[in-house]
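Quick caveat: nothing in here was measured; it's all calculated off a predicted structure. Below, each value reflects all heavy atoms present in this structure, side chains not excepted, and no hydrogens, waters or symmetry copies.
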Amino acid sequence: MKTLFLSLVISTLLSLSLSKELCNSHDKKVLLQIKKHFGDPYLLASWQSDTDCCKAWYQVECDSTSNRIISLTIFAGNLSGQIPAAVGDLPYLQTLVFRKLTDVTGPIQPAIAKLVHLNFLRLDRLNLTGTVPGFLSKLQKLTFLDLSFNGLSGSIPSSLALLPNLGALHLDRNRLTGSIPESFGTFKGSVPDLYLSHNQLTGEIPASLGNLGFSVIDLSRNKLVGDASMLFGLNKTTRNVYLSRNILEFNLSNVVFPSGLENLDISHNKIFGSIPPQMTQIPLQSLNMSYNRLCGRIPVGGKLQSFDYSTYFHNRCLCGVPLENCK
């Protein structure tokens, strides 16, 4: 009899523990507000008031100990409207992603500034407008910030350089204007991969950027002028440099490239001089120097002859393999 009673007690306790909702009631209320804001879309169909958001809901993740919502990732579906202020009411959020939702419009939601635990913010391939807000620099735990493929305009806030843990900054494919902030040569802490391509940035590349070694720096398809040689240097950790389709104008002859440089695109500029012989010692995987004003013989050796003529054509007077023989 005792055995039967004990088994019933254990069974009841087990049933209660399994049926107990893990989802924090405040977080659940906020998420349902977000769903209502977007008009109860099919993309969020799993968000039901009578189910546990930690067990049955897609697009969210709960912390394994506290059961608070730490991730909200809404990706690729039919969703329209602005990002609601309610996202700022998920105080333990570490990851916030809205991406590939071209009917999501409006400015970057100011309430995001309240998410002090956020380390991953991705708002890309939306239809956001307005400026890149300076309040993003308050999110001191950010390691990844992606605002690419939007309609953002205005200048880049210099305060983004105050983010001490940033590993990647994507502001590419927007309508940003003005110059690259001087502060981007003084990132506090780690040096982020820097993606600023496909904007309308003007002026010179700040000399301060020469203080850092960027694993990736992409400034292509802007309206930048002047010198870019400060980005290079034998002992720099720079590996990938993309500067094509600007109005850069400097002498390539005396540039010393990083020994570990892998990908270099300086095409469609006004760069002059000759190709340094040192480039034969660099383990390049890709190279494009076309549509410039370079002259002289292409140095023989290393990887330089492994690239086809399109790497070098449309220069002033470059010659040698893979172009025509020098006269």
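- The distance from atom CD of E249 to atom CD1 of I271, rounded to the nearest 0.5 Å, is 9.5 Å.
- Under the 4.5 Å side-chain contact rule for hydrophobic residues, V216 and F144 do not share a cluster.
- Members clustered with F272: none, using a 4.5 Å side-chain heavy-atom cutoff among hydrophobic residues.
- Residues in residues 56-161 take part in these disulfide bond (SG atoms under 2.5 Å apart) pairs, two or more places apart or across chains: C54-C62.
- Note: D27 CG to I69 CD1 = 5.5 Å, rounded to the nearest 0.5 Å.
- Remark: N150 CG to R99 CZ distance equals 11.5 Å, nearest 0.5 Å.
- Applying the side chain to side chain donor-acceptor pair (under 3.5 Å) test to W57 and every residue at least two apart in sequence or in another chain returns T51.
- Contacts classified as disulfide bond (SG atoms under 2.5 Å apart) and involving residues 158-276 (residues at least two apart or in different chains) are not found.
- Side-chain contact of S66 with D63: a donor-acceptor pair under 3.5 Å is present, judged by distance alone.
- For the pair V225 and L248, the minimum side-chain heavy-atom distance is 4.5 Å or more.
- Atom CG of N325 is surrounded by 12 or fewer heavy atoms from other residues, nucleotides or ligands within 6.0 Å.
- When the ring pair (Phe, Tyr, Trp, His ring centres under 6.0 Å) test is applied to F250, no partner is found at least two apart in sequence or on another chain.
- In this structure, the side chains of R122 and F98 stay at 4.5 Å or more apart for every pair of heavy atoms.
- With a 4.5 Å cut-off on side-chain heavy atoms, V97 and F120 count as touching.
- Heavy atoms from other residues, nucleotides or ligands lying under 6.0 Å from NZ of K236 number more than 12.
- Screening N263, D218, D193 for a side-chain hydrogen bond (donor to acceptor under 3.5 Å, both in side chains) involving N240 leaves a single residue, N263.
- Here disulfide bond (SG atoms under 2.5 Å apart) pairs that include residues 245-302, with residues two or more places apart or in two chains, are C295-C317.
- In N78, the CG atom is not crowded: 12 or fewer heavy atoms of neighbouring residues, nucleotides or ligands sit closer than 6.0 Å.
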TODO: Start with the C-alpha gap between D124 and R173, add the side-chain angles, then the distance that decides, and say whether salt bridge (Lys or Arg N to Asp or Glu O under 4.0 Å) holds.
DONE: CA-CA 10 Å; D124 73 305; R173 294 180 186 267; over 6 Å; no
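- The shortest distance between side-chain heavy atoms of K303 and I282 does not fall below 4.5 Å.
- Using a 4.5 Å cut-off on side-chain heavy atoms (C-beta onward), L234 and Q278 make contact.
- Across L252, T238, V241, a single residue satisfies side-chain contact (heavy atoms from CB on, under 4.5 Å) together with F232, and that is V241.
- Taking a cutoff of 4.0 Å between a charged side-chain nitrogen and a carboxylate oxygen, D172 and R221 do not qualify as a salt bridge.
- The cluster map of Ile, Leu, Val, Met, Phe, Trp and Tyr, joined by side-chain heavy atoms under 4.5 Å apart, puts Y58 and L79 in different clusters.
- Not a single ring pair (Phe, Tyr, Trp, His ring centres under 6.0 Å) links Y312 to another residue, sequence neighbours left out.
- Here the straight-line distance linking atom CD of Q59 with atom CG of L72 works out to 8.0 Å at 0.5 Å rounding.
- Taking the side chain to side chain donor-acceptor pair (under 3.5 Å) definition, one finds that N67 meets it with nothing, sequence neighbours left out.
- Among residues two or more places apart in sequence or in another chain, the ring pair (Phe, Tyr, Trp, His ring centres under 6.0 Å) test is passed with F313 by Y291, Y309.
- Under a 4.0 Å N-O distance rule, the pair E21/K28 qualifies as a salt bridge.
- From L145, atom CG reaches atom CG of L163 across 7.5 Å, with rounding to the nearest 0.5 Å.
- In this structure, R125 is positioned above the aromatic face of F149, its NZ or CZ under 6.0 Å from the six-membered ring centre and within 45° of the axis.
- The hydrophobic cluster around Y42 extends to none of the other residues, as no ILVMFWY side-chain heavy atom falls under 4.5 Å of it.
- In this structure, Q48 has no side chain to side chain donor-acceptor pair (under 3.5 Å) partners at least two apart in sequence or on a different chain.
- Judged as a ring pair (Phe, Tyr, Trp, His ring centres under 6.0 Å), and not counting sequence neighbours, the contacts of Y195 are H170.
- Inter-residue side-chain proximity for L201 and I180 is flagged as met; some heavy-atom pair is nearer than 4.5 Å.
- Q82 places a side-chain heavy atom less than 4.5 Å from the side chain of P107.
- For the atom pair CZ (R293) and NZ (K270), the distance works out to 5.0 Å, reported to the nearest 0.5 Å.
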